Student: 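Before I ask anything, let me first share the structure, which is written out below as structure tokens.
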Amino acid sequence: MPSQPLKVIIIGAGPAGYTAGIYAARAELKPLLFSGQQPGGQLMWTTVVENFPGFPDGVYGSELMEERMKKQAEKFGTKIIAENIVSVDLSSRPFKLVSSSGVEYQTESLIVATGASAIWMNVPGEEQYKGKGISVCATCDGFFFKGKEVAVVGGGDAAMEEALDLAKFASKVTVLVRSDKLKASVAMQEKAKAEPKINFVWNSSVKEVFGDGTKVTNAKVLNLQTNEESEMKFDGIFPAIGHKPNTEMFVDQLELDGHGYIVCKGRSSETNIPGVFAAGDVTDPRYRQAITSAGSGCMAAMDVERWLRE
């Protein structure tokens with residue numbers, strides 16, 4: 001265990017975590033950032049990111065995270081440890097954190113930027129084609145499916161939003177729904193059903209994804225009523241069955257909303273515990289964009305600096 005409590009520890013290495021590291025390091029807080037075993041957040045599953053400001057020709061998600069943000073954070077003095085934090089004790093000060101190697105760390109303040117994980121279909125072929133036709137962000141990747149046929153998996157508001165976003169580009173959007181009705185709000189249902197490019201296949205789920213090695217080509221679809229299987233041609237598949245915030249460690253410690261997202265005070269990054277701040281998708285069930293996450297990481301670092309000073 002380090003002999004003295006650190007000024008700030010950051011958990012998470014997505015756009016929020018790295019941006020918090022950049023700002024905290026420039027404020028000479030000597031931040032320690034735990035990136036986990038798979039740093040980079042959900043951008044590591046995307047191909048070319050075309051809507052991040054400053055990259056008019058686009059940038060690969062992995063390049064943006066590993067070659068740009070990570071290096072910039074390190075340049076200003078953020079120390080990065082490629083381990084997970086496995087437990088946190090926020091009941092007393094300094095806060096205590098234990099890493100996956102069993103080392104205990106103490107810190108005066110904490111920035112939680114652990115993100116949210118997309119809920120995947122967990123079917124054969126999915127892992128192979130993540131970022132090669134399988135995406136969980138129509139806003140990010142819809143443009144790449146211009147004139148192509150895509151599927152959206154899900155029946156809630158998120159699925160309808162994905163389908164409507166994709167209809168701007170794709171020639172056909174097939175929504176695969178597990179039941180015989182949608183769970184989405186009436187307003188979202190009406191919008192989706194009014195879009196001529198969107199059609200619905202009821203009582204259905206994806207059983208397997210196929211491709212040519214570089215991209216998705218089709219999928220095996222199961223009718224849940226008849227147990228009949230059929231193959232359907234898709235150039236892309238967008239699972240929209242929800243996101244799960246990575247907040248398991250903070251249950252009964254930080255205030256969470258009904259879906260497990262960390263609740264912040266007003267427009268700040270402050271949580272219900274003084275000295276603990278949160279940023280990125282772990283606080284945001286609505287926007288979930290790299291740029292909004294980066295902005296909230298900046299806010300968290302500035303809030304930490306003010307809190308430590310005061």
Side-chain angles (χ1 to χ4, degrees), residues 1-41 65-66 69-117 245-256 260 262 264 268-283 293-294 296-310:
M1 181 179 72
S3 56
Q4 294 293 325
L6 300 166
K7 288 185 177 180
V8 60
I9 285 178
I10 302 165
I11 309 176
Y18 281 144
T19 304
I22 292 167
Y23 274 77
R26 283 173 56 83
E28 299 186 347
L29 299 181
K30 296 182 172 60
L32 177 62
L33 185 152
F34 286 89
S35 65
Q37 304 297 327
Q38 293 182 315
M65 301 314 301
E66 292 295 291
M69 286 192 178
K70 179 183 178 183
K71 286 186 176 179
Q72 191 171 358
E74 289 179 317
K75 172 186 174 182
F76 292 115
T78 301
K79 182 179 179 182
I80 298 174
I81 296 180
E83 291 185 32
N84 292 310
I85 291 296
V86 295
S87 68
V88 175
D89 181 0
L90 306 177
S91 62
S92 61
R93 300 179 187 282
F95 305 128
K96 298 178 179 64
L97 297 79
V98 178
S99 72
S100 49
S101 63
V103 178
E104 181 180 288
Y105 296 83
Q106 296 187 0
T107 182
E108 295 176 32
S109 65
L110 175 67
I111 295 176
V112 181
T114 48
S117 299
N246 301 317
T247 53
E248 294 86 352
M249 283 187 297
F250 305 103
V251 173
D252 298 326
Q253 297 196 79
L254 293 178
E255 181 183 354
L256 309 177
I262 295 175
C264 292
S268 77
S269 65
E270 299 174 26
T271 70
N272 60 303
I273 297 180
V276 180
F277 304 83
D281 285 7
V282 77
T283 71
S293 289
S296 67
C298 160
M299 291 165 56
M302 294 178 71
D303 286 342
V304 163
E305 183 186 8
R306 291 192 188 100
W307 185 83
L308 289 170
R309 188 169 63 239
E310 292 170 359

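Since the structure is predicted, the reported quantities are computational estimates derived from the model, not experimental observations.
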Student: Checking E310 now: which residues fulfil side chain to side chain donor-acceptor pair (under 3.5 Å) with it, not counting sequence neighbours?
Tutor: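 For E310 there are no side chain to side chain donor-acceptor pair (under 3.5 Å) partners, ignoring immediate neighbours.
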
Student: Name each donor-acceptor pair under 3.5 Å that joins a side chain in residues 5-14 to protein atoms two or more places apart or in another chain, with its distance.
Tutor:
none

Student: Where do Y23 and V304 land on the side-chain contact (heavy atoms from CB on, under 4.5 Å) test, with the steps shown first?
Tutor: CA-CA 10 Å; Y23 274 77; V304 163; over 6 Å; no

Student: Using modelled atom types and a 3.5 Å cut-off, is there a donor and acceptor pairing between side-chain atoms of Q253 and backbone atoms of L90?
Tutor: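 Such a contact is found between Q253 side chain and L90 backbone.
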
Student: Taking atom types as modelled, is there a side-chain donor on S269 or D303 under 3.5 Å from an acceptor on the other?
Tutor: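 On atom types as modelled, these side chains qualify, holding a pair under 3.5 Å.
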
Student: Please report the interatomic distance OG(S268) to CZ(R306), rounded to the nearest 0.5 Å.
Tutor: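 Rounded to the nearest 0.5 Å, the OG-CZ separation comes to 10.5 Å.
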
Student: Heavy-atom distance under 4.5 Å between the side chains of P274 and R93, does that happen here?
Tutor: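 With C-beta onward as the side chain, the pair touches.
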
Student: Please identify each residue that fulfils side-chain contact (heavy atoms from CB on, under 4.5 Å) with S87, with sequence neighbours left out.
Tutor: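 By the side-chain contact (heavy atoms from CB on, under 4.5 Å) rule, S87 matches V98.
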
Student: Residues in side-chain contact (heavy atoms from CB on, under 4.5 Å) with Q72, at least two apart?
Tutor: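 Counting only residues at least two positions away or on another chain, Q72 forms a side-chain contact (heavy atoms from CB on, under 4.5 Å) with I22, F76.
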
Student: D281 side chain to A116 main-chain N or O, any donor-acceptor pair under 3.5 Å?
Tutor: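 No, D281 side chain to A116 backbone: no donor-acceptor pair under 3.5 Å.
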
Student: Using the test side-chain contact (heavy atoms from CB on, under 4.5 Å), find all partners of S296 that sit at least two apart in sequence or belong to another chain.
Tutor: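 Counting only residues at least two positions away or on another chain, S296 forms a side-chain contact (heavy atoms from CB on, under 4.5 Å) with A16, A279.
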
Student: Crowded around M302 CE? As in, over 12 foreign heavy atoms under 6.0 Å?
Tutor: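 Not buried by this count: 12 neighbours or fewer within 6.0 Å.
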
Student: Calculate, to the nearest 0.5 Å, the distance between atoms NZ and CD belonging to K71 and E66 respectively.
Tutor: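 Between atom NZ of K71 and atom CD of E66 there are 9.5 Å.
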
Student: List the atom of S117, the atom of N246, and the distance in Å for their closest heavy-atom pair.
Tutor: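 So the two residues come closest at OG-OD1, 3.0 Å.
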
Student: Quick check against the 3.5 Å criterion: does E83 have a side-chain atom that pairs as donor or acceptor with the backbone of S101?
Tutor: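 Pair found, side chain donor or acceptor close to backbone of S101.
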
Student: For V282 versus V112, what's the shortest heavy-atom pair and its separation?
Tutor: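 Minimum heavy-atom contact is CG1-O, 3.7 Å.
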
Student: Report yes or no: does T78 contribute a side-chain atom to a donor-acceptor pair with the main-chain N or O of G21 at less than 3.5 Å?
Tutor: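 Answer holds: yes.
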
Student: Indicate the atoms forming the closest heavy-atom contact of S293 with G280, along with that distance.
Tutor: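 In terms of heavy atoms, the two residues are closest at OG-CA, 3.7 Å.
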
Student: Is there side-chain contact between S109 and L308, with at least one heavy-atom pair below 4.5 Å?
Tutor: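 They are in side-chain contact.
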
Student: List the atom of A300, the atom of A278, and the distance in Å for their closest heavy-atom pair.
Tutor: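 Closest approach of A300 to A278, heavy atoms only: CB-O, 4.4 Å.
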
Student: As an exercise, state the distance from CD1 of I111 to CE of M299, rounded to the nearest 0.5 Å.
Tutor: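 If we round to the nearest 0.5 Å, I111:CD1 and M299:CE are 11.5 Å apart.
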
Student: Apply ring pair (Phe, Tyr, Trp, His ring centres under 6.0 Å) to F34 and list each qualifying residue two or more places apart in sequence or on a separate chain.
Tutor: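 F34 satisfies ring pair (Phe, Tyr, Trp, His ring centres under 6.0 Å) with Y105 only.
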
Student: Quick one: are F95 and Q106 in side-chain contact, heavy atoms under 4.5 Å?
Tutor: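 No, side chains not in contact.
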
Student: List the steps and the verdict of side-chain contact (heavy atoms from CB on, under 4.5 Å) for L110 and L97.
Tutor: CA-CA 10 Å; L110 175 67; L97 297 79; 3.8 Å; yes

Student: Enter the distance from Q4:CD to T107:OG1 here, rounded to the nearest 0.5 Å.
Tutor: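 Going from CD on Q4 over to OG1 on T107, the span is 12.5 Å.
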
Student: Give the minimum heavy-atom separation between C264 and T283, together with the two atoms involved.
Tutor: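 Smallest interatomic distance, heavy atoms only, reads SG-CG2, 3.9 Å.
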
Student: Under a 4.5 Å cut-off applied to non-hydrogen side-chain atoms, are Y18 and L33 in contact?
Tutor: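 In contact.
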
Student: Find out whether L254 and T247 are in side-chain contact, i.e. whether some heavy atom of one side chain is under 4.5 Å from a heavy atom of the other.
Tutor: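 Counting from C-beta outward, L254 and T247 never come under 4.5 Å.
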
